[in-house]
Undergrad: 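After the structure tokens below, expect a handful of questions from me.
By convention in this document, chain letters (A, B, ...) are assigned in the order of the sequence lines, proteins followed by strands, and residues within each chain are numbered from 1.
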2 protein chains.
Amino acid sequence: MARLPVYLRALGTFADRNVATVSSEELAGAAGVNSAKLRKDLSYLGSYGTRGVGYEVAYLRYQISRQIGLTQDWPVLIVGIGNLGQALANYGGFVSRGFRVVALLDADPARAGEVVAGLAVRPFADLSAVAAEHGPCIGVIATPASAAQQVAGALVAAGVRSILNFAPAVLAVPDSVDVRKVDLSIELQILAYHEQRKTARFVALDGPDDVRDPRFGAEVPAGAGFGGRP
Amino acid sequence: MARLPVYLRALGTFADRNVATVSSEELAGAAGVNSAKLRKDLSYLGSYGTRGVGYEVAYLRYQISRQIGLTQDWPVLIVGIGNLGQALANYGGFVSRGFRVVALLDADPARAGEVVAGLAVRPFADLSAVAAEHGPCIGVIATPASAAQQVAGALVAAGVRSILNFAPAVLAVPDSVDVRKVDLSIELQILAYHEQRKTARFVALDGPDDVRDPRFGAEVPAGAGFGGRP
DNA sequence: GTGACTTTGTGCATGCGTTCACATGAACCT
DNA sequence: AGGTTCATGTGAACGCATGCACAAAGTCAC
């Protein structure tokens with residue numbers, strides 16, 4: 001499940017405070033979920049606590065880590081060393097949680113050899129060699145959207161089956177490949193949507209009034225010279 | 001809905017190719033969703049196309065933009081000018097999609113005055129003044145996890161009701177405040193989970209064999225000297 | 001103007017996730 | 001040793017999103 005990492009992090013904070021056991025209520029509060037959901041999740045993964053007491057922090061932590069596959073470090077290769085790629089390479093949160101950036105790739109030949117976060121940037125053509133060298137690994141796409149699909153194809157061809165995509169593009173990959181998408185503009189747009197609803201401004205100050213289409217009762221903007229409907 | 005921005009971007013690619021109308025099938029393909037789902041989403045937001053023809057690209061684009069609230073630029077303020085904060089400030093994808101970074105804040109006094117992406121970094125104490133100056137805006141938390149809750153509280157106190165949180169922490173905010181979370185380690189961990197299941201290595205090379213608890217039939221690791229159960 | 005075709009909009013069923021509520025089981029106190 | 005208390009684990013119901021399949025509606029050709 002997608003909530004296991006959240007539980008794991010919450011358990012980490014309890015461990016930092018030297019808490020030995022936690023109840024599902026406490027842990028759920030720290031993770032921001034319902035306690036019943038948490039219990040069901042944990043029971044589903046086969047782990048269990050002690051009735052009347054709760055969950056042993058260290059034991060549960062180890063079990064979840066193991067379930068996720070964090071008992072070993074996963075190699076991560078980052079493609080596209082722009083602003084975002086560099087920030088990711090320098091981000092310390094990876095290595096502390098079971099991941100290790102092993103290679104930085106960029107299509108721009110001028111950047112090859114440049115050192116970022118202690119790693120030399122390698123030409124994109126090295127991809128298959130790097131992937132073969134490290135075995136199963138995770139590819140991170142931090143390129144512009146225009147290059148994302150091509151990079152994804154190359155990653156798949158190199159044997160990478162897990163991709164984290166930061167480019168604002170929909171990637172087409174085989175079913176055997178997992179793609180997770182992180183899209184900053186989408187997150188912002190969702191926030192803007194809710195923000196707009198909260199500030200109940202029915203009409204933008206620079207916009208047209210709404211009109212109501214008698215046929216459907218649906219809101220339709222008048223167009224404001226937008227070259228409306230025929 | 002959370003898919004509207006995806007549709008909007010797909011429509012953008014059609015507009016760039018000077019396509020006048022798209023069918024739900026085409027648009028759904030570009031957005032990576034089912035066509036029925038797309039039609040239902042669009043009908044739910046009140047917009048509509050033309051039966052037998054499809055959707056007029058420019059018109060639908062305008063309507064979705066308007067629905068999301070992108071007819072005006074939303075001010076964005078970024079708190080925490082570390083690696084990630086700088087990358088976000090320099091990221092061009094914001095301004096092109098209805099957002100404008102208006103302020104950079106950092107708690108470190110030594111950074112005040114530093115210029116990043118054309119903006120001077122301001123001390124964190126300026127937050128309420130900045131928020132008051134720009135009206136409804138979106139706050140981005142790019143600080144370490146330890147500072148995230150405090151920053152969130154300050155943002156809320158300053159009147160910010162939409163927060164994009166990059167820090168690996170669960171934020172407690174009033175119900176009236178929307179928080180969206182972007183967590184790189186969680187995404188990587190989810191990928192690692194699936195990657196581990198794909199490479200069906202039942203036992204990690206450095207880990208213990210699984211044993212089966214006769215009481216529940218659930219998988220339980222032997223512990224490998226982990227200081228197992230009493 | 002009529003017919004055939006294309007595509008939208010939507011009722012309906014299915015499946016999944018979430019949540020409540022309760023029984024099970026373990027520890028602790030007397 | 002027995003009862004009490006506490007928290008887990010789970011059965012069952014609810015609600016929601018998804019997807020199919022079809023009718024409504026509009027266009028194009030003749």
Undergrad: State, to 0.1 Å, how close A:A192 and B:L70 come at their nearest heavy-atom pair, and which atoms those are.
TA: CB-CD1, 4.3 Å

Undergrad: Report the C-alpha distance between A:L27 and A:L60 in whole Å, list the side-chain angles of each, state the deciding distance to 0.1 Å, and finish with yes or no for side-chain contact (heavy atoms from CB on, under 4.5 Å).
TA: CA-CA 11 Å; A:L27 188 54; A:L60 188 57; 4.1 Å; yes

Undergrad: Listed by chain and number, what are the side chain to side chain contact (heavy atoms under 4.5 Å, CB included) partners of B:E25, not counting sequence neighbours?
TA: B:S23, B:S35

Undergrad: Output one line per pair: protein atom, nucleotide atom from nucleotides 2-4 of chain D, and distance, for all N/O pairs under 3.5 Å.
TA:
none

Undergrad: Between A:L88 and A:F166, does the side-chain contact (heavy atoms from CB on, under 4.5 Å) criterion hold? Intermediate values first, please.
TA: CA-CA 11 Å; A:L88 292 174; A:F166 284 91; 3.7 Å; yes

Undergrad: Rounding to an integer number of Å, can you tell me how far A:Y48 OH sits from D:dT10 C1'?
TA: 17 Å

Undergrad: Quickly work out the A:L38 CG to C:dT18 P distance and round it to whole Å.
TA: 12 Å

Undergrad: Is there a side-chain contact between A:S24 and the phosphate of D:dA7, meaning an N or O under 4.0 Å from OP1 or OP2?
TA: no

Undergrad: Distances for protein N/O vs nucleotides 21-23 of chain C N/O pairs under 3.5 angstrom?
TA:
residue, atom, partner, partner atom, Å
C:dA21, N6, A:R39, NH2, 3.3

Undergrad: Looking at B:T50, does any N or O in its side chain come under 4.0 Å of the phosphate oxygens OP1/OP2 on D:dG26?
TA: no

Undergrad: Return whichever of A:G52 or A:Y44 has its heavy-atom-nearest nucleotide of DNA chain D closer to the 5' end.
TA: A:G52

Undergrad: Determine the minimum heavy-atom distance between B:T143 and B:A167, stating which atoms define it.
TA: O-CB, 3.4 Å

Undergrad: Hey, could you give me the CG/CD1 distance between B:L155 and B:I163, rounded to the nearest 0.5 Å?
TA: 5.0 Å

Undergrad: Not counting sequence neighbours, which residues clear side chain to side chain contact (heavy atoms under 4.5 Å, CB included) with B:A15? List them please.
TA: B:V57, B:R61

Undergrad: Do any pairs count as a salt bridge (charged side-chain N to carboxylate O under 4.0 Å, His left out) and have a residue in residues 167-189 of chain A, sequence neighbours left out, and if so which ones?
TA: A:D178-B:K198, A:R180-B:E187, A:D183-B:R9, A:E187-B:R180

Undergrad: Please report, rounded to the nearest Å, how far the P atom of D:dG9 is from the CG atom of A:L42.
TA: 7 Å

Undergrad: For a quick test of reading the model, state the closest non-hydrogen atom pair linking A:V6 to A:A2 and the distance between them.
TA: CG2-O, 4.5 Å

Undergrad: Where do A:Q67 and B:Y193 come nearest, in terms of heavy atoms and distance?
TA: O-CD1, 3.5 Å

Undergrad: Might you point out which heavy atoms bring A:A158 and A:L127 nearest each other, and give the distance in Å?
TA: CB-CG, 4.0 Å

Undergrad: Can you pull every protein N or O that's under 3.5 Å from an N or O on nucleotides 15-18 of chain D?
TA:
residue, atom, partner, partner atom, Å
D:dT18, OP1, B:R3, NH1, 3.0
D:dT18, OP2, B:R3, NH1, 3.4
D:dT18, OP2, B:R3, NH2, 3.1

Undergrad: In whole angstrom, give the distance that lies between atom CG of A:L60 and atom P of D:dA7.
TA: 17 Å

Undergrad: Please give, in whole Å, the distance from C:dT8 C1' to B:L45 CG?
TA: 14 Å

